[in-house]
Amino acid sequence: MNNLLEIKTRIAELLKQAAEQAQREGKLPEVALPEISVERPQKAENGDYASNLPLKLARSIGKNPMEIAAAIAGLIPATPEMLSVEAAAPGFINFSLRPEWLNRQVDSILEAGDNYGDIDIGKGQSVQVEFVSANPTGPLHIGHGRGAVLGSTIANVLEASGYNVEKEYYINDAGSQMTAFYRSLLARYRQANGIDVEMPQEGYFGQYMIDLGREMKAEYGDRFIHLPAEEAESELGKIGVTKMLALIRSDLGKLGVEFDCWFSEQSLYDNGQFAKVTALLRAAGHLNEKEGATWFVSSALGEDKDNVVIRSTGTSTYFGTDIAYHYNKFIERGFNRVIDIWGADHQGHVSRMGAVMGALGVDPKRLRVIISQLVTLKRGGECVRVSKRSGDMITLRDVIDEVGVDACRFFFLARSADSQMDFDLELAKKESSENPVYYVQYAHARIASILKLAGEEGLDFSDGDVSLLTGEPELALVRLMLQLPEIVEFAARTLEPQGLPHYAQDLATSFHSFYKLCRVISHENSAQTKARLKLVAAAKVILARTLGLMGMTSPETM
RNA sequence: GCGCCUGUAGCUCAGUGGAUAGAGCAUUGGUCUUCGAAACCAAGUGUCGUGGGUUCGACCCCCACCAGGCGCACCA
């Protein structure tokens with residue numbers, strides 16, 4: 001038994017066996033047992049784990065929960081790791097771990113090293129996490145940053161949970177927004193060449209397009225001026241998209257986000273996959289023709305209405321290609337699970353994708369769409385615009401430069417994807433410089449500094465005896481460190497990683513508090529010094545792992 | 001009008017149907033001759049939007065309403 005995740009399962013088994021034994025012995029009536037939940041009490045005085053099984057049973061048994069609790073608790077055998085099993089009002093059974101078991105785990109943590117926290121709920125299943133996927137029509141804004149941080153962290157957590165993870169960026173390099181981008185670029189390029197032309201109405205008016213037009217002129221001169229518009233658009237467009245993607249890739253790199261695969265929407269047409277999928281759907285009766293367009297009959301699958309997949313002009317809609325894209329994900333590439341992270345403006349798209357799963361014969365549970373709510377950027381309470389369609393904007397890069405990568409990541413992660421958030425630049429800078437981002441990193445740097453000192457003094461603590469770690473601050477820190485696998489498990493199961501930053505803060509608090517109360521390197525007590533150095537080294541492992549999962553750095557000095 | 005999300009401390013936000021609802025910021029008081037004071041310790045603040053319901057027990061589940069956001073295209 002090497003971590004608390006296993007202990008939790010073990011406790012549930014013990015409870016089940018004890019309850020069944022009580023029933024056999026006639027101490028409890030024979031009723032079906034409810035699902036046994038084992039939780040972590042909020043108050044330390046209630047032990048390390050608790051179960052509400054007696055409270056749940058009281059319903060069907062019609063007995064006082066405390067009596068049930070006492071009956072069950074009395075039948076739970078002694079185990080090497082458990083100090084006590086107690087019935088507690090109003091009907092809990094509380095479990096406390098032995099200090100001598102707890103402190104021994106410090107050695108396990110050191111042994112596991114960077115792998116501590118790994119669990120195996122994924123069992124090698126393949127899962128694709130697709131996120132950001134912004135049109136390559138301009139720089140990323142703060143909202144994309146939120147999706148990027150969320151997606152990369154979810155990918156990290158799934159990886160740590162035993163999944164085989166692939167991170168993908170879907171490049172919308174086809175469709176009407178790209179056409180608008182091409183036309184805008186041609187207009188700006190012509191303007192850069194001194195030709196007085198108007199921007200297309202649906203165009204991208206940001207300053208970056210003017211810059212891009214000038215850049216094209218600087219690099220290619222008037223090469224595209226004399227081409228027919230269509231040809232110029234396409235030639236310029238190809239180069240422009242490449243440049244935009246490079247920009248996006250570098251912005252994401254700055255945020256610490258990298259992808260395994262950049263998947264082109266256009267490729268779905270080029271390799272015939274779109275045609276293949278529409279043929280399949282048509283054969284299965286999911287498509288019909290109406291008003292000159294081809295519709296997906298989602299109303300037959302429980303949706304409010306049908307949706308166009310191929311316009312009367314013959315081009316596919318976003319929805320249409322997304323069907324082919326998901327066919328590709330599930331059928332062609334065979335991912336066991338797919339997680340799509342979309343912005344709030346794609347909300348309406350979610351339920352019809354569910355219908356698509358049905359039409360493709362794929363279990364809808366294999367697709368999970370996470371909607372990350374809007375981010376409004378503020379500066380001292382004033383709204384700042386982030387739209388790339390019009391005018392000046394603050395880009396993701398600007399925010400990272402101003403606030404810092406680690407602070408950005410921490411801020412995004414601490415909030416649930418479901419809540420829309422105000423990102424106040426002033427507040428973010430202020431809070432991050434004082435707390436909680438640097439607070440956590442400071443704990444790591446402090447530990448690094450202690451270990452450095454130990455090294456300078458030639459202290460070898462590899463033979464440290466962790467059983468000496470019996471003080472309350474020491475054990476409190478150990479208890480918290482051992483929770484990492486549970487934090488990872490929860491995040492992986494719910495795909496909500498906001499537990500990580502909160503856990504990181506708790507760890508830091510526990511460490512700082514320990515540090516204040518317990519002198520680590522002491523010349524009077526070499527055995528205690530060695531034991532505490534082990535504890536501190538293990539705390540460093542846990543902090544670094546937690547920060548690593550969040551995609552944050554673990555500084556040795558600050 | 002319909003759908004999704006949100007409403008918790010002055011502010012920004014956590015909160016797996018359970019035991020006295022939490023953290024940071026801000027505010028107020030203490031702590032540095034010893035390993036990093038970017039730290040520690042202590043104090044205070046809540047009709048958990050409102051009203052019903054389910055339950056032994058609800059911030060959490062259900063219904064209605066109020067407020068804010070986002071969708072509801074042959075845009076993406």
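In what follows, chains carry the letters A, B, and so on, assigned in the order in which the sequence lines appear, proteins first and then strands, with residues in each chain numbered from 1.
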Would a 4.5 Å heavy-atom cut-off, applied to side chains only, mark Glu265(A) and Tyr325(A) as touching?
no
For Arg532(A), report the nucleic acid contact type (base, sugar-phosphate, nothing); a contact means any heavy atom under 4.0 Å.
nothing
Arg146(A) (side chain) donor-acceptor with Gln373(A) (main chain) under 3.5 angstrom:
yes
Contact class for Glu291(A) vs. all strands (heavy atom < 4.0 Å): base, sugar-phosphate, or nothing?
base
So which nucleotide from A73(B), A76(B), A19(B) ends up closest to the side chain of His346(A)?
A76(B)
Tabulated below should be each protein N or O lying under 3.5 Å from an N or O of nucleotides 54-56 of chain B; please produce it.
from   : atom 1 : to       : atom 2 : distance (Å)
C56(B) : N4     : Arg59(A) : NH2    : 2.5

Using a 4.0 Å heavy-atom cut-off, does Ala50(A) contact any base of the nucleic acid, only the sugar-phosphate backbone, or nothing at all?
base
For a quick check of understanding: with a heavy-atom distance under 4.0 Å over all strands, which category does Asn94(A) fall into, base, sugar-phosphate or nothing?
base
Taking only side-chain N and O atoms of Lys305(A), does any of them lie within less than 4.0 angstrom of OP1 or OP2 on C74(B)?
no
How would nucleotides 34-44 of chain B be written as a contact map, 5' to 3', with B for base contact, S for sugar-phosphate-only contact and - for no contact, using protein heavy atoms under 4.0 Å?
BBBSBBSS---
Quick one: label Pro41(A) by what it contacts on the DNA or RNA (base, sugar-phosphate, nothing), any heavy atom closer than 4.0 Å.
base
As a test of your reading of the structure, name each stem of RNA chain B as range with range, where a stem is three or more consecutive Watson-Crick or G-U pairs at under 3.5 Å.
B:1-7 with B:66-72, B:10-13 with B:22-25, B:27-31 with B:39-43, B:49-53 with B:61-65
Do you know which two heavy atoms are closest between Glu168(A) and Ser133(A), and how far apart they sit?
O-OG, 4.5 Å
Only counting residues at least two apart or in another chain, list the ones meeting side chain to side chain donor-acceptor pair (under 3.5 Å) with Ser462(A).
Asp460(A)
What form does the base of C32(B) take, syn (within 90° of 0) or anti?
syn
Any residue meeting side chain to side chain donor-acceptor pair (under 3.5 Å) with Arg368(A), in chain and number order, not counting sequence neighbours:
none
What string of B, S and - do you get for nucleotides 4-14 of chain B, 5' to 3', when a contact is any protein heavy atom under 4.0 Å?
SSS-----SSS
If you assign each of Thr317(A) and Leu374(A) to its closest nucleotide in RNA chain B, which residue comes earlier from the 5' end?
Leu374(A)
